[in-house]
Amino acid sequence: MSSAALAGRSRPSAFTIGEVLGVLRAEFPDVTISKIRFLEEQGLVEPDRTPSGYRKFSAEHVERLRHVLTLQRDHFLPLRVIREQLDAGAPGVAPPPGPGPFVRVLEAAEQAGGRGAPDAPSLADAAGADLVLVEELVRHGLVRPAADGWFGPDDVEIVRAAAALSAHGLEPRHLRSFRQAADKEADLVEQVVAPLRRAGRPGAAGEVADTAREVAATCLRLHAALVAGSLGRR
């Protein structure tokens, strides 16, 4: 789907706060879900809400957030000033009209958000990888089909990453520690969100999802920093 097609929709595409976070971090590594929530509280962006409380961001919301973060980083403007300028539509300050470069990344995420692949050969085709590699990844537990045999969109990314690592001599059997670490991190995230899930408050489902994404993203940052630190000491 092209940016022009996205802009021409009568109802813009909706993206979760986690998807927005993943896109914004390409340019703003320090942005967090808490930061996006804070910008919402300060009136800089007003995402829609689903009946269950999930935030849903349009392409225009993402471009507005990108613009606000740029003004903060490059021009050191207080949020109050940024909000006043945006509300007034001051020249050179208003966000660019229509979808910008970040939306193209969101479009790709949206297109990848389907059911994935129905079997191992289809997964290999989707990832552009060899079927033998996919079968080895399944055997070592790195990709796991659901009860109906389908592989998810995340499995496509796992296969692509494994294929890239295989070019450096790392085989699926070398990557099993990644699965073990991922499962342990997922358990930690569940420990954090379990009390929220049990509370059963109105809108709790959206809060659980947002918190899970934020904690998971922070775990990834910690993992990356630990690996970088270990490499730096060698």
Side-chain angles (χ1 to χ4, degrees), residues 1 13-23 25 33 49-57 104-167 170-200 203-224:
M1 178 176 57
S13 294
F15 305 104
T16 67
I17 194 170
E19 290 170 335
V20 173
L21 176 67
V23 171
R25 274 201 171 147
I33 285 180
R49 293 272 186 163
T50 67
S52 58
Y54 288 90
R55 291 172 175 84
K56 288 297 182 181
F57 294 79
R104 289 193 290 273
V105 181
L106 285 175
E107 288 179 40
E110 182 186 37
Q111 292 169 357
R115 294 198 63 195
D119 51 33
S122 299
L123 178 60
D125 288 342
D130 189 84
L131 178 58
V132 173
L133 174 65
V134 172
E135 291 173 341
E136 281 292 293
L137 291 171
V138 172
R139 189 165 71 86
H140 290 288
L142 285 146
V143 292
R144 300 167 175 169
D148 60 0
W150 277 75
F151 294 91
D154 290 338
D155 291 321
V156 177
E157 293 305 314
I158 292 171
V159 174
R160 287 172 178 164
L165 290 173
S166 70
L170 294 176
E171 301 175 6
R173 61 189 176 86
H174 299 135
L175 307 179
R176 286 179 294 187
S177 61
F178 285 90
R179 169 54 71 190
Q180 295 165 358
D183 288 343
K184 290 179 180 179
E185 289 175 13
D187 289 341
L188 289 176
V189 174
E190 179 57 29
Q191 288 180 29
V192 173
V193 301
L196 299 176
R197 185 179 288 113
R198 290 194 297 266
E207 184 178 1
V208 167
D210 289 350
T211 302
R213 292 187 186 99
E214 181 176 7
V215 175
T218 304
C219 287
L220 290 175
R221 291 175 61 194
L222 174 61
H223 180 83

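No hydrogens, no waters, no symmetry mates; every other heavy atom, side chains included, goes into these values. We count residues from 1, following the sequence as given.
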Answer whether the closest heavy-atom distance between the side chains of [X] and [Y] falls below 4.5 Å.
X	Y	answer
Thr218	Val215	no
Arg160	Val156	yes
Thr211	Leu196	yes
Phe57	Ile17	yes

Nearest-0.5 Å distance, CG of residue Asp154 to CD of residue Glu157
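Result: 8.0 Å between the selected atoms.
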Please list, chain by chain and in numerical order, all residues satisfying side-chain contact (heavy atoms from CB on, under 4.5 Å) with Ala164, sequence neighbours excluded.
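Ala164 satisfies side-chain contact (heavy atoms from CB on, under 4.5 Å) with no residue once adjacent residues are dropped.
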Can you pull out every side-chain hydrogen bond (donor to acceptor under 3.5 Å, both in side chains) where at least one residue sits in residues 188-200? Sequence neighbours excluded, please.
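Pairs touching residues 188-200 that pass the test: Glu190-Arg197.
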Reference residue Glu214; test side-chain contact (heavy atoms from CB on, under 4.5 Å); the match among Leu21, Ile33, Val192, Val189
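So the option named by the test is Ile33.
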Side chains of residues 170-182: which donor-acceptor pairs under 3.5 Å do they make with residues two or more places apart or in other chains?
{"unit_1": "Glu171", "atom_1": "OE1", "unit_2": "Arg173", "atom_2": "NE", "d": "2.9"}
{"unit_1": "His174", "atom_1": "ND1", "unit_2": "Glu171", "atom_2": "N", "d": "2.9"}
{"unit_1": "Arg176", "atom_1": "NE", "unit_2": "Arg173", "atom_2": "O", "d": "3.3"}
{"unit_1": "Arg179", "atom_1": "NE", "unit_2": "Gly141", "atom_2": "O", "d": "3.0"}
{"unit_1": "Arg179", "atom_1": "NH2", "unit_2": "Leu142", "atom_2": "O", "d": "2.6"}

Could you work out, with salt bridge (charged side-chain N to carboxylate O under 4.0 Å, His left out) as the rule, every residue matching Arg144, not counting sequence neighbours?
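With sequence neighbours excluded, Arg144 shows a salt bridge (charged side-chain N to carboxylate O under 4.0 Å, His left out) to Asp183, given in chain and number order.
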Who pairs with Glu135 by salt bridge (charged side-chain N to carboxylate O under 4.0 Å, His left out), at least two apart in sequence or on another chain?
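Listed in chain order: nothing, the list is empty.
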Could you walk me through whether Tyr54 and Thr16 pass the side-chain contact (heavy atoms from CB on, under 4.5 Å) test, one step at a time?
CA-CA 8 Å; Tyr54 288 90; Thr16 67; 5.9 Å; no
Can I get a per-line list of side-chain donor-acceptor pairs under 3.5 Å for residues 120-132, giving both atom names and the distance, sequence neighbours left out?
{"unit_1": "Ser122", "atom_1": "OG", "unit_2": "Asp119", "atom_2": "OD1", "d": "2.7"}
{"unit_1": "Asp130", "atom_1": "OD2", "unit_2": "Val132", "atom_2": "N", "d": "2.8"}

